[in-house]
There are 2 protein chains.
Amino acid sequence: MSQSTEQPSERPAGRAVPTSADVARLAGVSRATVSYVLNNTSAVRISEPTRRRVREAAEELGYVPHAAARSLRAGHSRMVLLPTPHVQVGPLYSQFFNEFQWALRRLDYTVVQYGSVGLEAEEAARAWAELRPVAVVALGESRLTGQGVEILKRSGARAVITLGTERVEGAHALVMDQGRVGEAATAHLVETGRRRIGVVVPEEPGLAMFSGPRLEGARRAVAGTGATVVPLPLRYEEESANALAARWRALGLDGVFAYNDEYAMLLMRALQDADVAVPAETAVVGADDLLLGRLLRPRLSTVRIDMVIGRELAELVDRAVREPEAPPRTSDLMASRVVRRESS
Amino acid sequence: MSQSTEQPSERPAGRAVPTSADVARLAGVSRATVSYVLNNTSAVRISEPTRRRVREAAEELGYVPHAAARSLRAGHSRMVLLPTPHVQVGPLYSQFFNEFQWALRRLDYTVVQYGSVGLEAEEAARAWAELRPVAVVALGESRLTGQGVEILKRSGARAVITLGTERVEGAHALVMDQGRVGEAATAHLVETGRRRIGVVVPEEPGLAMFSGPRLEGARRAVAGTGATVVPLPLRYEEESANALAARWRALGLDGVFAYNDEYAMLLMRALQDADVAVPAETAVVGADDLLLGRLLRPRLSTVRIDMVIGRELAELVDRAVREPEAPPRTSDLMASRVVRRESS
DNA sequence: ACGCGTCACTGACACGTGTCACCCTCTCGC
DNA sequence: GCGAGAGGGTGACACGTGTCAGTGACGCGT
């Protein structure tokens, strides 16, 4: 790349990106004045005619300030970084995320999702730190370590918050207690008299962070009740479900928590095709309370998950940013409750 | 919009963010040397002992370069901006996006999703331009205008690409021909002898960009065949579907394209509950080829949509960045084909 | 004439980085 | 002895912005 010193002859489009200096020149004022006008700084008084001239010049040139230069000078930004998950997320999650983003913007933050596919934990943290975000809200799935938190804080992040199943040293944590989902579903099955309870564990990679805790929760629910839990690996494919259904009677199960409504629908169809009566012979419970589950016959029982609303989380971020010295707190991100329909 | 000018700004942690100057001091070399070493610039020769001293100093301080300062100095960045949709996107789309991001990163681009909720078209474009991205890949839904493209290009963006249903002046366009989906489904219904064909139009806001073209496509499919198309507004709720099913016979429809598989499942259940025989009395076709559709009885016919793979789009972006002067091109993002099962 | 205050504006620096043009010190060939 | 060349580094500038301290002009009271 050759540098052009004065006359930018290499611009292909024939025009350089306008800066505040260009605006100043066109308006016949100093650059400082341009800055004052465009940020309408209250501490300095600029006459109305000058203000207008500056605004018109900016408009004419199509001037847009340079965010990087601005935050470099300011020494900080109001950028909140959300490492993008590379896992499939359900509609519940994506709605929550949208709400969260919207709320942060209301609080005058700039939300940036930034993917870091294929990087190791510490390396990813370093990549995020380069952007000098004021806060980082990371999914548990992004495998942020205590080391990573340290890197981020050292690079100026005033708040690091994890959304996940477990805490990370030094970071605020919003715990999604996935265990409660499995626990609620299984407790319900036990209460309605089921004794041998299957728990579907999806084989799809990336779901482990959800399925593991849900299985653990199920185990907690049966502890001391005499009922037992049987893990059931399952791929989200018809053949896999049919194979499972074929050996259903051999397994001797009278109830199943199917991970979520989609897996439940898949399994329920396979069971019915194999002449296993639902709920008479085997009760089925899903999770997420999808509309589609209500359309089945029998209607699918489910665990309804209510997530913290985005606005609440946004306010938590804002508080954490304003009080970086406050000790990391842990709180619940979601609540679960069983919705009983006909399949259990 | 009140600005919070109040600014804590005192470093509470007592330690500033380390810069390359700090590294230089600690290593006992100049800042230039630090820069050369850490970017291992090949044109300049630095002795191995010095290199090691610099690397160790950087490690000890936890130095992370400042991306903003870097790209300010460089005059450009390799950031690709993806305005975040605030519409619900299906799994098809989100998988495509992940793949796309991954491919861009392979090409050494930095992918940033940036939401601009609640801003008007031109204002949003200005906000994106502040980040000085080298390329912008916008969903049609983000309502990018020709004016917006102009702003972005003037701010240094070398490529602007829209993913949507229609072209935008000055931008490369990847057209999702939603019309073809409706056309394929409806043509199939006509070919199998249906004459009065309903087309479900979701009432949910944000889906209009898909449903409108699909309806138009359906109209194209019946043109000259003697068959007719009837738009059917529907909310994604059981009551809405039941109400529609109740007046089904009055409508005299013998076929329906239900927008997608989810709406199809909703409608099919309502039809069956209202004793409308599928497919004998009315044929039903969905779209997206969800697994769940295959579980219905009768199995749901659908339109399978194959999207351009992410890598392809990433290469298109790369080419557009490298040849900014090339005229905007338009190409297809997806292909549709009918998968006939039992419901039609 | 002078001091003082206000108004409207400007000059200059700092933010953190990359890179170009030098500079110094050796060594070698003759 | 001395120029040539190479090895190993450094000084200084530029990128675009925000903001502090200052500056000239002007009005006003004495």
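None of these values were measured; they are calculated from a predicted model. The figures here come from the full heavy-atom set of this structure, side chains too, leaving out hydrogens, waters and symmetry mates. In what follows, every chain begins at residue 1, and chains take the letters A, B, ... in the order their sequences are listed.
For A:Thr50 and A:Arg31, each mapped to the nucleotide of DNA chain C holding its nearest heavy atom, the one lying further toward the 5' end belongs to A:Thr50. The 5' end of DNA chain D is approached more closely, in terms of each residue's nearest nucleotide, by B:Arg45 than by the other of B:Arg45 and B:Gly75.
A salt bridge does not link B:Glu130 with B:Arg126: none of the charged nitrogens is closer than 4.0 Å to a carboxylate oxygen.
Atom-to-atom, CG of B:Asp22 to C1' of C:dC15 comes out at 13 Å; the value is rounded to the nearest Å. Counting to the nearest Å, the C1' atom of C:dA14 and the CG atom of A:Leu72 are 9 Å from each other. One atom, CG of A:Leu38, and another, P of D:dG16, lie 16 Å apart when rounded to the nearest Å. At whole-Å resolution of the value, NE2 in A:His66 and P in D:dA14 are 17 Å apart. Atom CZ in B:Arg53 sits about 12 Å away from atom C1' in D:dG8, given to the nearest Å. Atom CZ in B:Arg70 sits about 18 Å away from atom P in D:dG16, given to the nearest Å. Atom CZ in A:Arg52 sits roughly 14 Å away from atom P in C:dA8 (whole-Å rounding). Rounded to a whole Å, the CD1 atom of A:Ile46 is 5 Å from the P atom of C:dC9.
At the phosphate of D:dG9, neither OP1 nor OP2 sits under 4.0 Å from any side-chain N or O atom of B:Thr33. Of the side-chain N and O atoms in B:Ser30, none sit less than 4.0 angstrom from OP1 or OP2 of D:dG9. For the OP1/OP2 pair of C:dG16 and a distance below 4.0 Å, the side-chain nitrogens and oxygens of B:Thr19 include no atom meeting the criterion. Contact annotation: A:Ser47 reaches the phosphate of C:dC9 (side-chain N/O to OP1 or OP2, under 4.0 Å).
On a pure distance criterion of 3.5 Å, no polar donor-acceptor pair joins the side chain of A:Arg132 and the base of C:dG16. One donor-acceptor pair, N or O on each side, does fall under 3.5 Å between the base of C:dA14 and the side chain of A:Arg73.
Taking CZ of B:Arg329 as the reference point, atom CG of B:Leu174 lies at 9.5 Å (rounded to 0.5 Å). Remark: B:Asp318 CG to B:Arg311 CZ distance equals 13.5 Å, nearest 0.5 Å. From B:Leu82, atom CG reaches atom CD of B:Gln101 across 6.0 Å, with rounding to the nearest 0.5 Å. To the nearest 0.5 Å, atoms CG (B:Leu107) and OG1 (B:Thr110) are separated by 12.0 Å. Atom CZ of A:Arg25 sits about 10.5 Å away from atom CZ of A:Arg31, to the nearest 0.5 Å.
Comparing D:dG18, C:dG16, D:dT10 by their nearest atom to the side chain of B:Val29 picks out D:dT10. Closest to the B:Ala69 side chain, of the nucleotides C:dA8, D:dG16, C:dG16, is C:dG16.
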Expected string for nucleotides 20-26 of chain D under the B/S/- scheme (protein heavy atoms, under 4.0 Å, primed atoms plus P, OP1, OP2 as sugar-phosphate) is B------
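Rounded to 10°, the angle separating the first-five-pair axis and the last-five-pair axis of the helix from C:dA1-D:dT30 to C:dC30-D:dG1 equals 70°.
Between A:Phe96 and A:Phe100, the two ring planes are parallel [angle under 30°; tilted spans 30° to 60°].
Looking only at distances, a side-chain donor or acceptor of A:Glu99 sits under 3.5 Å from a matching main-chain atom of A:Gly310.
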Compile the donor-acceptor pairs under 3.5 Å between side chains in residues 51-61 of chain A and protein atoms, sequence neighbours left out, one pair per line.
unit_1: A:Arg51; atom_1: NH1; unit_2: A:Ile46; atom_2: O; d: 2.9
unit_1: A:Arg53; atom_1: NE; unit_2: A:Ala27; atom_2: O; d: 3.2
unit_1: A:Arg53; atom_1: NH2; unit_2: A:Ala27; atom_2: O; d: 3.4

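In this structure, A:Arg322 fails the cation-pi test against A:Tyr109, since its NZ or CZ atom is not both closer than 6.0 Å to the six-membered ring centre and inside 45 degrees of the ring normal.
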